[in-house]
Amino acid sequence: MAMTFKKILIKYLFSNKLMLITIIFMIILVSVLGLLPAQLLRIIVDDIIKNNKQSVLIWFALAYMLTYLFLGVCDFFKNWLLLRASQNFLCNLKIKMIKRIHQIQYETLVELDSGSLEAYFTNDVTAINELFTNGVIEILTNMLKMIGIVVSIFIYSYVFGGIVLLIIPILILFTAIIRKRMLAAQLKTKNLEGDVNKVLLETVENIEPVKVYRCNDYIKKRYQRILKNHFKANQASNFYDAIFSPIMQILRNAVVAVILITSGLNSSIFNMSVGMIVSAITLITDLFTPIESFTMEIQTIQKSLAAVKRIDGLFKLPIDDTKQNINLNGDLNIVFKNVSFGYKSEDVISNFSLTIKQNDKIAIQGPSGSGKSTLLKLALGILKPNSGEVLINNFPTYLMDDKMRIKYFQVIYQEPFFSGGSIYEELTFRNSAISKQKVYQALADVGLDYIMNIDIKLNKSEYSSGELALFNIARILIFDSRVIFLDEMNAKIDPSTSKKIISLINKYSKDKIVISINHYGDTLNNAKIINLQH
């Protein structure tokens, strides 16, 4: 069954029923408590002050104050629950997203650039977080508030309630128009901010040719033009932002003034007591707050739904076949049987066959684009052949799981892979079962015995490219894998270090398979040359 955002959310809610019930209860409680202060004012004015009940006035005044205090506490607790629930869910969602990325077929994954992948975990997840904190929940809360306020006003006066019902859609429409224009101005400002930063970065990165070719005036005029456009867009955004709140305040006060004037001139129109009028004014004031945020919450929901659609698209990407972990007995052999593979419509490898036996040293050569790296990825099981098979002891390499691949294969890449851990963690892939003594011994064997502390962070900037390559050789010695792949590992290191690495590989790989696609592969002992050009 395909995984979707909806299924993940439903499963999360079902496994956290108590939390969901508590949040719903707090939303209702906050909505009800928001109506109490206006009702207390009505009682204080119409009953206690009118009948001079001074003995209970202080208690009602205290109740009025405590209602707001309790409302604030409940609102805080509601928001805290929402934030906690949303963060837990988003953490769960990110785990499932990264798990799915690991399952996506390699040839599909490489078509996604790092920026697109990052956007899933930053922009889209942030937008979904707003769906919980500022979107659906806030709309639900504000709708309950608005319904409660309108019902309360209808209880006071059907005429006044009807007028309020007519005013609400007008206010929502006005708010929507202003918010839409404000959003358009903000988006234009954001886009122009990108242009401003782009010009600045381009200038800094190319400062030498700018100086050499005397482009200072051109750069300056270009920067000034973009800054001027950004300033205009920013002013438009600021205008709508500045004008919105005052207009809403004017409208709010105008409605209050109409209530007071109409009631003063003819009290029979609304047929409300003084306490009801005071209470209605409080309710009307409270009515404007949810209206102001209503359209913004709708925009948040729209943005969040777009993010949900994108994440569903991530879960729909094709995934690998189910992986397995088995033990391979006896000598190893890797067999390519009539293998063909191509990205999209063009074949890179066509009807290729090769048998690699235990202890073989293979040097794959050929021009760029001839399929050297593709063959390596097929042997590693990262890619699945379009036709034919790649087998290790009659087991498809494509079906090897991560543990099996680490057990039998080790790769030395052109760019060494390190993930920000300590030297010990990097060399053991965070496998605590490997002793530190074994790590120190491997470092000594590759000539890095001057490293006395393997618990410090492996900072790539502190080592040369040759030393980083030697760390990779140390990994091979630690795991003692039976197949070693050299993927252009000496492309960025000096010839003497490259020869040292080949010498180390010759020394420690006598009983292993070595498959190399680098310029020094033919210097491996007893190397067999596979020239893809032919």
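Using a 4.5 Å heavy-atom cutoff, the side chains of L470 and L443 are not in contact. For the pair S31 and T141, the minimum side-chain heavy-atom distance is below 4.5 Å. When side chains are defined from C-beta on, V439 counts as touching I434, because their heavy atoms get closer than 4.5 Å. Using a 4.5 Å cut-off on side-chain heavy atoms (C-beta onward), K512 and K361 make no contact. Inter-residue side-chain proximity for L532 and L375 is flagged as met; some heavy-atom pair is nearer than 4.5 Å. Residues I517 and F485 are not in side-chain contact: their nearest non-hydrogen atoms beyond the backbone lie 4.5 Å or more apart. At least one side-chain heavy atom of V390 sits less than 4.5 Å from a side-chain heavy atom of P385. Under the 4.5 Å side-chain criterion, counting only non-hydrogen atoms from C-beta, I406 is in contact with F479.
Under the rule for a salt bridge (charged side-chain N to carboxylate O under 4.0 Å, His left out), the partners of R405 that lie at least two apart in sequence or sit in another chain are D402. For F77, the ring-ring contact (aromatic ring centres under 6.0 Å, His included) partners are W80, not counting sequence neighbours.
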Quiz prompt | Steps toward side-chain hydrogen bond (donor to acceptor under 3.5 Å, both in side chains) verdict (S419, R430) | solution = CA-CA 10 Å; S419 57; R430 290 175 167 78; 3.1 Å; yes
Quiz item: Going through the distances and angles, do L314 and I104 end up as a side-chain contact (heavy atoms from CB on, under 4.5 Å)?
Solution: CA-CA 9 Å; L314 174 68; I104 294 173; 4.0 Å; yes
Quiz item: Please walk me through it: do Y508 and D480 pass side-chain contact (heavy atoms from CB on, under 4.5 Å)?
Solution: CA-CA 9 Å; Y508 292 106; D480 195 28; over 6 Å; no
Self-check item: Stepwise side-chain contact (heavy atoms from CB on, under 4.5 Å) check, L354 with V335
Solution: CA-CA 6 Å; L354 176 67; V335 178; over 6 Å; no
Self-check item: From CA spacing to verdict: side-chain contact (heavy atoms from CB on, under 4.5 Å), F25, L29
Solution: CA-CA 6 Å; F25 173 76; L29 182 61; 4.1 Å; yes
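In terms of heavy atoms, L378 sits closest to T397 at O-OG1, 3.0 Å. G371 and I349 make their closest contact through O-CD1, 3.7 Å (heavy atoms, listed as atom of the first residue, atom of the second, distance). Counting all heavy atoms, side chain and backbone alike, K403 lies closest to N325 at CB-ND2, 3.8 Å. Nearest heavy atoms, S509 versus I484: CB-CD1, 4.0 Å. When every heavy atom of L9 is checked against every heavy atom of F89, the shortest pair comes out as CA-CE1, 3.5 Å. Across I478 and A442, no two heavy atoms sit closer than the pair CG1-CB, 3.6 Å.
Between F341 and F352, the distance from one ring center to the other does not fall under 6.0 angstrom. Aromatic rings from Y120 and F315 are positioned such that their centres are separated by 6.0 Å or more.
The closest donor-acceptor contact from the side chain of N129 to the backbone of V125 lies at 3.5 Å or more, if one exists at all. In terms of modelled atom types and a separation under 3.5 Å, the side chain of K436 and the main chain of I454 share no donor-acceptor contact. Although no hydrogens or angles enter the test, the distance criterion places no donor-acceptor pair under 3.5 Å between the side chain of Y424 and the main chain of N453. E425 places a side-chain N or O within 3.5 Å of a backbone atom of S422 that can act as its donor or acceptor partner. N79 contributes a side-chain N or O that, together with a main-chain N or O of D75, makes up a donor-acceptor pair within less than 3.5 Å. In this structure, the side chain of N351 does not engage the main chain of V339 through any donor-acceptor pair within 3.5 Å. Judged by distance alone, with hydrogens and angles left aside, the side-chain atoms of N393 form a donor-acceptor pair with the main-chain N or O of N333 at under 3.5 Å. Without hydrogens or angle criteria, Q87 side chain to R84 main chain gives no donor-acceptor distance under 3.5 Å. Within the 3.5 Å criterion, the main-chain N or O of Q358 finds no donor-acceptor partner in the side chain of R482. A donor-acceptor distance shorter than 3.5 angstrom exists from the side chain of D401 to the backbone of M404, with no hydrogens or angles considered.
Around CZ of F231, the count of heavy atoms belonging to other residues, nucleotides or ligands within 6.0 Å does not exceed 12. Atom CG of D455 has more than 12 neighbouring heavy atoms from other residues, nucleotides or ligands inside a 6.0 Å radius. Counting heavy-atom neighbours within 6.0 Å of F174 CZ, excluding the residue itself, gives a total above 12. No more than 12 heavy atoms of other residues, nucleotides or ligands lie within 6.0 Å of NZ in K337, so this atom counts as exposed by the packing criterion.
A donor-acceptor contact closer than 3.5 angstrom links the side chains of K377 and Y106. N327 and K407 are linked by a side-chain donor-acceptor pair at a separation below 3.5 angstrom, with hydrogens and angles left out of the test. In summary, the side chains of S353 and N338 do present a donor paired with an acceptor at a separation below 3.5 Å, with no hydrogens or angles considered.
I311 CD1 to R100 CZ: the interatomic distance, rounded to the nearest 0.5 Å, is 13.0 Å. Note that CD1 of I326 and CE of M400 are 8.5 Å apart. Values are rounded to the nearest 0.5 Å. Taken from CG in L332 to CD1 in I334, the straight-line distance is 7.0 Å, to the nearest 0.5 Å. Taking CG from L109 and CD from Q105, the interatomic distance works out to 10.5 Å, rounded to the nearest 0.5 Å. To the nearest 0.5 angstrom, L328 atom CG is 4.0 Å from Y408 atom OH. To the nearest 0.5 Å, the span separating OG1 on T374 from CD1 on I364 amounts to 10.5 Å.
The existence of a salt bridge linking K384 and D321 is confirmed by a sub-4.0 Å separation between a basic side-chain nitrogen and an acidic carboxylate oxygen. A salt bridge does not link K309 to D312: none of the charged side-chain nitrogens sits closer than 4.0 Å to a carboxylate oxygen.
Exactly one residue among I362, D360, I356, L486 makes a side-chain contact (heavy atoms from CB on, under 4.5 Å) with V514. That residue is L486.
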